[in-house]
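These values consider heavy atoms only, across backbone and side chains, with no hydrogens, waters or symmetry-generated copies. Since the structure is predicted, the reported quantities are computational estimates derived from the model, not experimental observations.
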Number of protein chains: 2
Amino acid sequence: MDDLDKYIEKRIQKNPGFAKCFDQGYEQFKIGAMLKQARLDAGLTQEQVAEKLHTKKSAISRIENHAEDIRLSTLESFAAAVGKNLRLEVA
Amino acid sequence: MDDLDKYIEKRIQKNPGFAKCFDQGYEQFKIGAMLKQARLDAGLTQEQVAEKLHTKKSAISRIENHAEDIRLSTLESFAAAVGKNLRLEVA
DNA sequence: GACAAAGTTCACGTATACGTTAACATTATC
DNA sequence: GATAATGTTAACGTATACGTGAACTTTGTC
């Protein structure tokens, strides 16, 4: 368990109301970080990805950082834009 | 390759414009079918899943059949409602 | 074939993901 | 440290996923 996880546990102990809100944000944090990593692996800038998706770099930044949620289709096209496949499993 | 795939190939040969539109719909078809299968595996009705998600059975039917797109958060909570985990990979 | 349970489809309203612009911040590169 | 390239954030408009109720269809079950 890393430092972030430890921090989260402490916050939940102190303030139970904190948990639920953060769970949601935490998931999205992971997705954004995943997508950013995929983009960097591909050696692309946000602007380059934006062009492939017919949008602007600000939208890419939002997805990688502050997006509260994301459509499956957006996830798929982002993955395609950075040359990766999106695998989905319900297990 | 099953009959559906054969049908799709024929349609694409006859009408190239058909391909792109269907790709999108096809993906969503698969997701809906996946979720339906997961629900049946769990032995739940649409109405039971709907209650867990604080919504109505008509919404579940739409997701399983006609949904054009779906939010990641919806995907996650649907999976949770039928007792499964959603795994996501960008590879 | 009557009845109930389960599922489908439509229509309309609301919440929100995404497009876009503009201003600002951060990080190279010289 | 000036300049450019890259990334961030806020604000507002549009497109669309989802909530909901009602009418209908399908699928058991007797």
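- The minimum heavy-atom distance between B:Gly43 and B:Gln48, with the atom names listed, is O-OE1, 4.0 Å.
- Each salt bridge (Lys or Arg N to Asp or Glu O under 4.0 Å) pair with one or both residues in residues 35-56 of chain B, not counting sequence neighbours, appears once here: B:Arg39-B:Glu64, B:Asp41-B:Lys84.
- A close approach under 4.0 Å does not occur between any side-chain nitrogen or oxygen of B:His66 and OP1 or OP2 of C:dT8.
- Atom CG in B:Leu35 sits roughly 14 Å away from atom P in C:dG7 (whole-Å rounding).
- To the nearest 0.5 Å, atoms CZ (A:Arg87) and CG (B:Leu88) are separated by 11.5 Å.
- Rounding to the nearest 0.5 Å places CD of A:Gln46 at 12.0 Å from CZ of A:Arg62.
- The base of C:dT21 sits with one of its N or O atoms less than 3.5 Å from a complementary donor or acceptor on the side chain of A:Ser58.
- Side-chain contact between A:Thr45 and A:Ile60 is absent, with no heavy atoms from C-beta onward closer than 4.5 Å.
- Across all their heavy atoms, A:Asn85 and A:Ala79 have their closest contact at C-CB, 4.5 Å.
- Comparing B:Arg62 and B:Lys36 by the nucleotide of DNA chain C that holds the closest heavy atom to each, the one mapping nearer the 5' end is B:Lys36.
- A distance of 10.5 Å separates CZ of A:Phe78 from CD1 of A:Ile31, quoted to the nearest 0.5 Å.
- Comparing the axis of the opening five pairs of the helix from C:dG1-D:dC30 to C:dC30-D:dG1 with that of the closing five pairs yields an angle of 60°, rounded to 10°.
- Summarising the geometry, the separation between NZ on A:Lys56 and P on C:dT20 is reported as 5 Å, rounded to the nearest angstrom.
- To the nearest 0.5 Å, atom CD of residue A:Glu89 and atom CD of residue B:Glu89 are 8.5 Å apart.
- Legend: residues meeting side chain to side chain contact (heavy atoms under 4.5 Å, CB included) with A:Ala80, ordered by chain and number and at least two apart, are absent.
- With sequence neighbours left out, B:Arg71 forms a side chain to side chain contact (heavy atoms under 4.5 Å, CB included) with A:Asp69, B:Ser73, B:Thr74.
- Separating the CD atom of A:Glu64 from the P atom of C:dC18 is a distance of 13 Å, rounded to the nearest angstrom.
- Side-chain contact check for B:Val82 versus B:Leu40: every heavy-atom pair is 4.5 Å or farther apart.
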Could you go over nucleotides 14-17 of chain C and give all protein N or O partners under 3.5 Å, atom names and distances?
none

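- Summarising the geometry, atom CD1 belonging to B:Ile70 is positioned 12.0 Å from atom CG belonging to A:Leu75; distances are rounded to the nearest 0.5 Å.
- Look at CG on A:Leu40: it is 13 Å from P on D:dT6, rounded to the nearest Å.
- Annotation: proximity of residues 41-55 of chain B to DNA chain D (heavy atom, distance under 4.0 Å) is found for B:His54, B:Thr55, numbered in ascending order.
- In this structure, A:Asn65 places its CG atom 16 Å from P of C:dA25, rounding to the nearest Å.
- Between A:Ser77 and A:Leu53 the shortest heavy-atom distance is O-CD2, 3.3 Å.
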Listing time: all N or O pairs from protein to nucleotides 26-30 of chain D that are below 3.5 Å?
none

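- With C:dT20, D:dG7, C:dT9 as the candidates, the nucleotide lying closest to the side chain of A:Arg39 is D:dG7.
- Contact of B:Lys57 with C:dG7 (side chain to base): a donor-acceptor pair of N or O atoms is detected under 3.5 Å.
- Residues satisfying the side-chain hydrogen bond (donor to acceptor under 3.5 Å, both in side chains) test with A:Ser61, not counting sequence neighbours, are A:Asn65.
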